[in-house]
Amino acid sequence: MTAPLHQRHRAVLPQWLALYYREPLELTHGEGRHVFDAQGRRYLDFFGGILTTMTAHALPEVTKAIADQAGRILHTSTLYLDRHMVELAERIAALSGIPDARVFFTTSGTEANDAALLLATTHRRSNQILAMRNSYHGRSFSTVGITGNSAWSPTSLSPLQTLYLHGAVRSSGPYAHLDDRRFIEACVADLEDMLGQAHGNVAALIAEPVQGVGGFTAPPDGLYAAFRQVLDRHGILWISDEVQTGWGRTGDHFWGWQAHAGNGPPDLLTFAKGIGNGMAIGGVVARAEVMNCLEANSISTFGGSPVTMAAGLANLGHLLENDLQGNARRVGGLLLERLRAAAAGLAVVREVRGRGLMIGVELAGAEAAGEALEVAREQGLLIGKGGRAGNVLRIAPPMSLTVAEAEEGAALLERTLRQVDGGERA
């Protein structure tokens with residue numbers, strides 16, 4: 001039963017390890033875009049384990065690749081050659097757009113960003129980092145120190161000196177009233193002013209093209225290209241955190257940075273989540289000059305393991321062969337249109353925004369968002385929650401979502417929003 005398991009969870013796991021729902025779910029299996037709980041109830045999954053089930057639950061190609069490799073050898077470490085790791089690195093390097101690219105595999109997005117910070121600060125001989133307000137980059141000591149969302153930053157201690165910039169949240173803040181051109185100009189002026197306050201070299205700017213935990217907020221296209229012109233004058237590196245935006249999820253682009261490509265690709269790119277479809281894969285792509293700057297020894301015990309690399313290769317192959325980026329653009333556009341129509345006239349909805357299958361519905365407050373999660377679950381729909389105030393519904397289904405499933409999910413969300421708006425429960 002769920003209640004005893006919940007009690008056991010609370011007895012042995014940290015208090016700060018968040019669980020969704022008043023009565024937390026135990027998910028036991030999944031298929032396609034659906035998951036099932038311990039009582040056998042079926043849910044349409046619009047969150048994918050935090051944007052991680054990228055292609056589908058129980059995708060045959062991935063499960064077969066895992067089983068086949070597990071039957072041969074589970075683990076070797078990076079001290080030995082691994083054909084799967086080399087092949088996946090070759091594919092990712094080619095897809096990254098970064099010239100003379102090198103790839104280092106980790107086990108999570110947090111670890112990927114941590115590695116990127118190590119590379120950038122070593123290469124630039126500086127511990128100063130530029131980051132965006134409302135950002136989230138992970139839960140390690142270094143990544144907490146560059147997270148601009150106070151709800152996810154439990155300590156003020158940090159090995160880094162972080163300078164936070166405006167620009168990642170278009171619909172609020174001091175520049176929200178400006179048109180896109182003037183908004184970008186104001187943010188660039190803010191960057192120039194911030195650099196005037198820095199002590200010597202700044203190592204890098206790290207930024208999510210679309211903020212994930214921050215509530216699927218994004219700047220106008222071209223902002224980071226405009227930033228790049230300033231960064232290049234100072235020799236400052238650009239790290240694009242693609243942990244949530246990578247692999248075509250935004251529909252229009254394979255990487256989120258490509259919406260800001262005026263000055264070419266970033267110096268470093270981090271990835272995780274969807275590439276493993278649930279297996280623990282993260283990584284950094286960087287041009288060789290930056291990646292090879294470390295002079296001390298370094299390995300990874302679990303990064304690039306034979307099983308996860310086999311899964312990643314199968315998953316990436318399926319994504320590319322079935323044009324899931326195009327599906328995210330088409331079906332995501334339909335879903336966004338339906339949700340905007342559903343939200344029209346509802347006082348509880350402040351904004352519906354997004355790109356591809358990365359959609360945020362900002363509500364009037366955290367209480368309304370929490371209630372919406374509960375109501376959606378009752379309707380048979382799983383969604384996420386984020387935003388600095390915890391008031392944004394995060395919608396990010398597997399990228400193979402069908403038109404029929406998008407229509408079904410939109411109808412369930414409309415019913416949910418109307419109930420929350422009216423203050424009534426089904």
Identify the heavy atoms of [X] and [Y] that sit nearest to each other, and give their distance.
X	Y	answer
S300	F105	OG-O, 4.0 Å
P209	P219	O-CD, 3.6 Å
L163	A198	CD1-CB, 4.1 Å
A396	L51	CB-CG, 3.5 Å
V285	A101	CG1-CB, 3.7 Å
S400	A56	OG-CB, 4.0 Å

[X] atom [atom1]: more than 12 heavy-atom contacts under 6.0 Å:
X	atom1	value
R133	CZ	yes
E407	CD	yes
R42	CZ	no
I50	CD1	no
E87	CD	yes
F302	CZ	no

Closer than 3.5 angstrom, by distance alone: can the side chain of [X] be matched with the main-chain N or O of [Y] as a donor-acceptor pair?
X	Y	value
H84	A310	no
N327	M399	yes
R330	G356	no

Just how far is it from atom [atom1] of [X] to atom [atom2] of [Y], taken to the nearest 0.5 Å?
X	Y	atom1	atom2	result
N149	Q211	CG	CD	8.0 Å
R91	L320	CZ	CG	5.5 Å
L393	L413	CG	CG	7.5 Å
L417	L339	CG	CG	7.5 Å
L191	L130	CG	CG	6.5 Å

- Strictly under 6.0 Å, is that where the ring centroids of H166 and Y175 end up? yes
- Between W247 and F271, is the gap from one ring center to the other below 6.0 Å?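 When the ring centroids of W247 and F271 are compared, they turn out to be within the sub-6.0 Å range.
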Flag for [Y]-[X]: side-chain donor and acceptor within less than 3.5 Å:
X	Y	answer
N113	T143	no
Q379	R415	yes
S150	S153	no
E31	H57	no

- Task: Applying side-chain contact (heavy atoms from CB on, under 4.5 Å) between L44 and each of V35, L381, I383, report the one that passes.
- Result: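 With L44 as partner, side-chain contact (heavy atoms from CB on, under 4.5 Å) holds for just one option, L381.
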- Item | Trace of the side chain to side chain contact (heavy atoms under 4.5 Å, CB included) decision for R353 with E362 | CA-CA 8 Å; R353 56 178 176 257; E362 184 171 331; 2.7 Å; yes
So, [X] and [Y], do they make that salt bridge, N to O below 4.0 Å?
X	Y	answer
D37	R41	no
R228	D267	yes
R22	E371	yes

- For the pair W238 and F227, evaluate ring pair (Phe, Tyr, Trp, His ring centres under 6.0 Å) and give the outcome as yes or no after the intermediate values. CA-CA 9 Å; W238 173 26; F227 277 4; 9.4 Å; no
